[in-house]
There are 2 protein chains.
Amino acid sequence: MGATKTHIFSIRHNELAQAAKVMAHPARIAILEFISKQDSCICTDLVDEIGLAQPTISQHLNEIKKIGLLKGTFEGKNLCYCIDQEKWLELQQFFNSFFSSINQNCC
Amino acid sequence: MGATKTHIFSIRHNELAQAAKVMAHPARIAILEFISKQDSCICTDLVDEIGLAQPTISQHLNEIKKIGLLKGTFEGKNLCYCIDQEKWLELQQFFNSFFSSINQNCC
DNA sequence: AAATGATATTGCAATATTACGATGATATAT
DNA sequence: ATATATCATCGTAATATTGCAATATCATTT
């Protein structure tokens, strides 16, 4: 017990949930917003900006990276993380079509 | 350790994250979708439809209720849960404006 | 080549989430 | 009134998430 029973749900439902999960933490919301405001983006800036320890920021970045929302250079010094525009728009549409599909009223 | 440091984030970031959290589980996505398709909605239908135990469905419904997404009759037999249209649209706009604000490209 | 600076990884503790059996509450039917 | 049906709550086990110190990695300086 305790683990989400992903196998009983559709792929679409699982994917939506997984995408939502990435945004289900204020740090990741703040990170996405901060990165979008910068010309180039380095993890240290984020550590200063957000106020969490560097490993924690790194972990959050990884969660965002996992679903393909970040692109850029990922190795070495002075990394440049950027939001993948294409993926971001795809996600926006994904959410929007879900929101739009829930529109009937019954009460 | 272990708990989200909500106090270091803005109210807006916390609210967005909290709303995302509600959708960050496939059962809750499925529940929202199922309810929107029904004329009236009873928890037992959901138990049959989703395939989780009744207390688990009840818990998930509660998470959705907490952010005000459900309205209807909540006591007695044959409950009628419905999605609050106003709140749902509000949430859709909230997400949409967040998605739209992340649109600059740096790489 | 050693030092430095920036990010990643590991390991672990604290807390949150998920799930369900048992039980409780409440409304309707018999 | 008793039985039944439906949903809520409690208690608890299993698992996931969050956060950080310590450490590792890796590119750039010196």
Side-chain angles (χ1 to χ4, degrees), chain A residues 1-9 13-14 17-31 34-35 38 40-67 70-82, chain B residues 1-9 13-14 17-31 34-35 38 40-67 70-82:
Chain A
M1 268 174 263
T4 297
K5 291 185 156 181
T6 51
H7 60 284
I8 68 174
F9 302 107
H13 287 174
N14 278 310
Q18 210 175 352
K21 205 178 261 187
V22 172
M23 298 195 293
H25 195 291
R28 293 193 288 267
I29 297 280
I31 286 170
F34 183 75
I35 289 180
Q38 302 305 112
S40 71
C41 0
I42 294 151
C43 185
T44 305
D45 292 351
L46 284 170
V47 174
D48 298 342
E49 175 71 16
I50 309 282
L52 291 170
Q54 179 267 323
T56 308
I57 296 291
S58 190
Q59 260 182 146
H60 281 306
L61 279 169
N62 219 266
E63 295 296 314
I64 302 171
K65 216 194 299 177
K66 261 194 225 163
I67 58 161
L70 291 179
K71 66 173 186 181
T73 316
F74 294 111
E75 302 146 78
K77 198 182 157 192
N78 287 11
L79 299 218
C80 179
Y81 284 116
C82 304
Chain B
M1 269 175 266
T4 298
K5 290 183 157 185
T6 50
H7 59 285
I8 67 173
F9 302 106
H13 288 174
N14 278 312
Q18 210 175 350
K21 203 178 265 187
V22 172
M23 298 195 291
H25 195 290
R28 291 191 291 265
I29 297 280
I31 287 171
F34 183 74
I35 289 181
Q38 302 307 111
S40 72
C41 358
I42 294 149
C43 187
T44 303
D45 293 351
L46 283 171
V47 173
D48 298 342
E49 174 72 16
I50 309 282
L52 290 169
Q54 180 267 322
T56 310
I57 297 290
S58 191
Q59 256 183 148
H60 282 305
L61 279 169
N62 220 265
E63 295 298 312
I64 302 171
K65 215 193 302 179
K66 260 194 225 163
I67 58 160
L70 292 180
K71 64 171 183 181
T73 317
F74 294 112
E75 300 147 78
K77 201 183 157 191
N78 289 11
L79 298 218
C80 179
Y81 284 118
C82 303

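Numbers restart at 1 for each chain; the letters A, B, ... are given by sequence-line order, proteins then strands.
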From C-beta outward on [X], which listed nucleotide comes closest to its side chain: [options]?
{"X": "B:Ala53", "options": "D:dA8, C:dC20, C:dT9", "value": "C:dC20"}
{"X": "B:Gln54", "options": "C:dA19, C:dT18, D:dC7", "value": "D:dC7"}
{"X": "A:Ala3", "options": "C:dT7, D:dA21, D:dT15", "value": "D:dT15"}
{"X": "A:Pro55", "options": "D:dG19, D:dA21, D:dT18", "value": "D:dA21"}

Heavy-atom pair with the smallest gap, counting every atom of B:Pro26 and A:Thr4: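 Closest pair (atom of B:Pro26, atom of A:Thr4, distance): CG-CG2, 3.9 Å.
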Heavy-atom check, side chain of B:Leu46 versus side chain of B:Leu61, under 4.5 Å: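 Yes; the side chains approach each other to less than 4.5 Å.
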4.5 Å side-chain heavy-atom contact, B:Ile35 and B:Leu70: yes
Distance below 4.0 Å between [X] side-chain N/O and [N] OP1 or OP2:
{"X": "A:Lys21", "N": "D:dA16", "value": "no"}
{"X": "B:Thr56", "N": "C:dT18", "value": "no"}
{"X": "B:Ser58", "N": "D:dC7", "value": "no"}
{"X": "A:Tyr81", "N": "C:dA8", "value": "yes"}

Take atom [atom1] of [X] and atom [atom2] of [N], then tell me their distance rounded to the nearest Å.
{"X": "A:Ile29", "N": "D:dT18", "atom1": "CD1", "atom2": "C1'", "result": "16 Å"}
{"X": "A:His60", "N": "D:dT17", "atom1": "NE2", "atom2": "C1'", "result": "9 Å"}
{"X": "A:Ile31", "N": "D:dG19", "atom1": "CD1", "atom2": "C1'", "result": "13 Å"}
{"X": "B:Leu46", "N": "D:dC7", "atom1": "CG", "atom2": "P", "result": "8 Å"}
{"X": "B:His25", "N": "C:dA16", "atom1": "NE2", "atom2": "P", "result": "18 Å"}
{"X": "B:Asn62", "N": "C:dT18", "atom1": "CG", "atom2": "C1'", "result": "14 Å"}
{"X": "A:Glu63", "N": "C:dT9", "atom1": "CD", "atom2": "C1'", "result": "14 Å"}
{"X": "A:Leu61", "N": "C:dA8", "atom1": "CG", "atom2": "C1'", "result": "11 Å"}

hbond_proxy B:Gln59 side chain to D:dA8 base (donor-acceptor, 3.5 Å cutoff):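 Looking at the base of D:dA8, it does not pair with any donor or acceptor on the side chain of B:Gln59 (distance under 3.5 Å).
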Sugar-phosphate only, base, or nothing, as touched by B:Leu52 at under 4.0 Å among non-hydrogen atoms: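 The residue B:Leu52 makes sugar-phosphate contact but no base contact.
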Sugar-phosphate only, base, or nothing, as touched by A:Thr4 at under 4.0 Å among non-hydrogen atoms: sugar-phosphate
Verdict with supporting geometry, A:Ile31 and A:Tyr81, side-chain contact (heavy atoms from CB on, under 4.5 Å): CA-CA 11 Å; A:Ile31 286 170; A:Tyr81 284 116; over 6 Å; no
Side chain A:Arg28, main chain B:Ala17, donor-acceptor under 3.5 Å: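 No, the answer is negative, given that no donor and acceptor are paired below the 3.5 Å cut-off.
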